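Reading through the structure tokens given below for one structure.
Quick caveat, the model's predicted, so the values are computed rather than measured. Chain letters run A, B, ... following the sequence lines, proteins first, then strands; residues in each count from 1.
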Amino acid sequence: MLDPTEHEPQRKVMMIDTKSFYASCECVALGMNPMKTMLIVMSQAENTNGGLVLAASPMAKKNLGIKNVDRRRDVPDDPRLIIKPPRMNYYIAMNKRINDVFREYVGDDDLQLYSIDESLLDVTSSWEYLKYRFGQDLTMKKLARIIQLEVKNKMGLYLTVGIGENPVMAKLALDLEAKKNHSLIGEWHYETVPAKLWPITDLTDVWSIGKRTAKTLNRLGIVSMRDLAFFDPYRLKKELGVRGNELTALAWGVDRSIVSHKYHPKENSISNSQVLPRDYYLERDIKTVIREIGEQVASRLRSKHKMGGVVSLYIGSAMSETVPGFSAQTKISPTNNSQMIVDALYKIFDAHYEGQVVRNIGVSVGKLEADGHEQLDLFIPVETNVKQHKIDSTIDDIRHKFGTTALVKLSSKSKGGTMIQRAGLVGGHNGGNAYG
DNA sequence: TCTGGGGTCCTAGGACCC
DNA sequence: TCTGGGGTCCTAGGACCC
């Protein structure tokens with residue numbers, strides 16, 4: 001077979017993440033070295049049995065065997081271990097500083113923020129400039145080292161760098177090689193994919209392949225990435241639809257997307273969800289939490305000046321419950337009004353609820369659009385609409401000034417409410433300030 | 001894993017229209 | 001009516017990632 005990747009884009013791409021990001025940020029805040037300190041960041045929400053490990057420093061992982069998502073009870077009682085609550089806003093600020101460093105090496109168009117601790121850099125178009133600046137013998141590995149050192153010197157953080165000829169290859173190099181190398185750098189090319197990717201037999205190690213997909217592939221007799229690469233692509237397409245095509249490309253390290261052509265995924269939905277601290281038996285209590293989460297989502301919509309046109313509710317049953325949970329959604333006329341969103345949630349709930357014992361509740365609002373031109377619902381008197389808007393804005397003001405707990409509706413103080421315990425959370429983690 | 005939380009994308013199938 | 005086919009919109013559910 002001729003080289004099927006011969007005509008694929010050959011660019012200079014890096015996927016960079018920060019080693020144990022949250023934990024490392026806490027280490028440097030204490031003036032300590034992230035690679036030499038045993039530290040974990042642990043949330044302390046009521047419903048996680050007193051805490052959940054969100055990040056562990058390399059030494060905490062290595063010496064104490066702590067893993068992310070461990071529970072408090074799994075954490076050994078060791079006097080050397082430093083335990084810190086999460087401060088999302090601080091991590092967001094640190095992430096911004098790191099990306100400011102990246103902008104010295106690539107233009108804005110060639111930088112894509114992938115997650116809170118991962119960024120994609122395409123240095124193809126700045127390569128000549130970079131060679132001029134750092135020497136004609138510059139290589140991607142050398143450049144990775146230069147960037148690592150700058151961030152280490154400026155902020156005390158250690159970067160892990162995956163280098164590839166396209167975004168997905170850089171991501172694979174990061175996940176599958178860089179993290180294991182002492183240099184914290186991994187470099188892949190199309191030619192090295194067979195040696196580095198194909199031997200993998202635990203398919204879930206590969207980005208975008210989860211447990212279910214791995215199982216489906218196994219069922220087709222595919223037990224390694226090599227098998228995947230050579231599996232009949234037409235049959236795979238037939239079995240898995242477009243996903244089949246994506247998987248074949250993945251096995252060859254192929255990805256035709258270009259960073260500077262990145263499409264800006266417009267924010268499509270805002271959601272909040274929680275595992276309740278105990279099983280909920282009473283419909284009234286369940287509805288109280290639905291209202292709280294609905295109000296929280298509505299408040300986030302308003303602070304982003306967005307309105308949502310579809311509301312969805314997810315109810316998860318307790319483990320002991322035989323009746324399954326449900327999720328359902330409904331279209332609404334676009335709004336960010338708390339009462340309208342909660343009303344829609346209640347309508348969904350009433351239509352589907354069959355008395356289940358509940359442990360999980362989620363609310364999502366989608367079809368977002370900019371607010372400011374809200375259609376007034378013709379069936380509600382104008383004054384009511386305006387008045388409701390005023391009430392919501394006032395509540396938001398108070399929450400901004402005094403924190404989320406300052407104003408909790410009376411029913412939240414009943415047994416069902418969880419708002420008080422959850423106050424101050426950002427993205428489900430403790431934001432470390434009044435309002436995220 | 002007796003239950004973390006926020007988010008995106010894809011698909012199947014039904015309703016409805018031309 | 002034992003009737004075709006294409007397109008769009010909508011909902012429920014699945015899968016995966018950080």
Would you say the side-chain atoms of [X] pair up with the backbone N or O of [Y], donor to acceptor, closer than 3.5 Å?
X      : Y      : value
A/D74  : A/R71  : yes
A/S317 : A/G325 : yes
A/Q356 : A/P324 : yes

Select base, sugar-phosphate, or nothing to describe what [X] touches, counting heavy atoms under 4.0 Å on all strands.
X      : result
A/Y114 : sugar-phosphate
A/S320 : nothing
A/K67  : nothing
A/K215 : nothing

Check your understanding: Can a side chain N or O of A/K331 be found less than 4.0 Å away from OP1 or OP2 on C/dC10?
Key -> yes
Revision key, fill the gap. Pairs under 3.5 Å (Watson-Crick or G-U), crossing ones as [ ], inter-strand ones as |: DNA chain B comes out as ....||||||||||||||
Exercise for review: For C/dC18 versus B/dT3, give the span between their P atoms, rounded off to a whole number of Å.
Suggested key: 24 Å
Review point. A/H352: what forms a side-chain contact (heavy atoms from CB on, under 4.5 Å) with it, not counting sequence neighbours?
Key: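 Per chain and number, A/H352 pairs via side-chain contact (heavy atoms from CB on, under 4.5 Å) with A/F326, A/A328, A/I348.
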**Study point:** Ring-face cation of A/R278 near A/Y280 (centre distance under 6.0 Å, axis angle within 45°)
**Key:**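 Cation-pi check for A/R278 and A/Y280: passes.
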Point to revise | Residue pair A/D122 / A/R11: nearest heavy atoms and the distance that separates them | key: OD2-NE, 2.6 Å
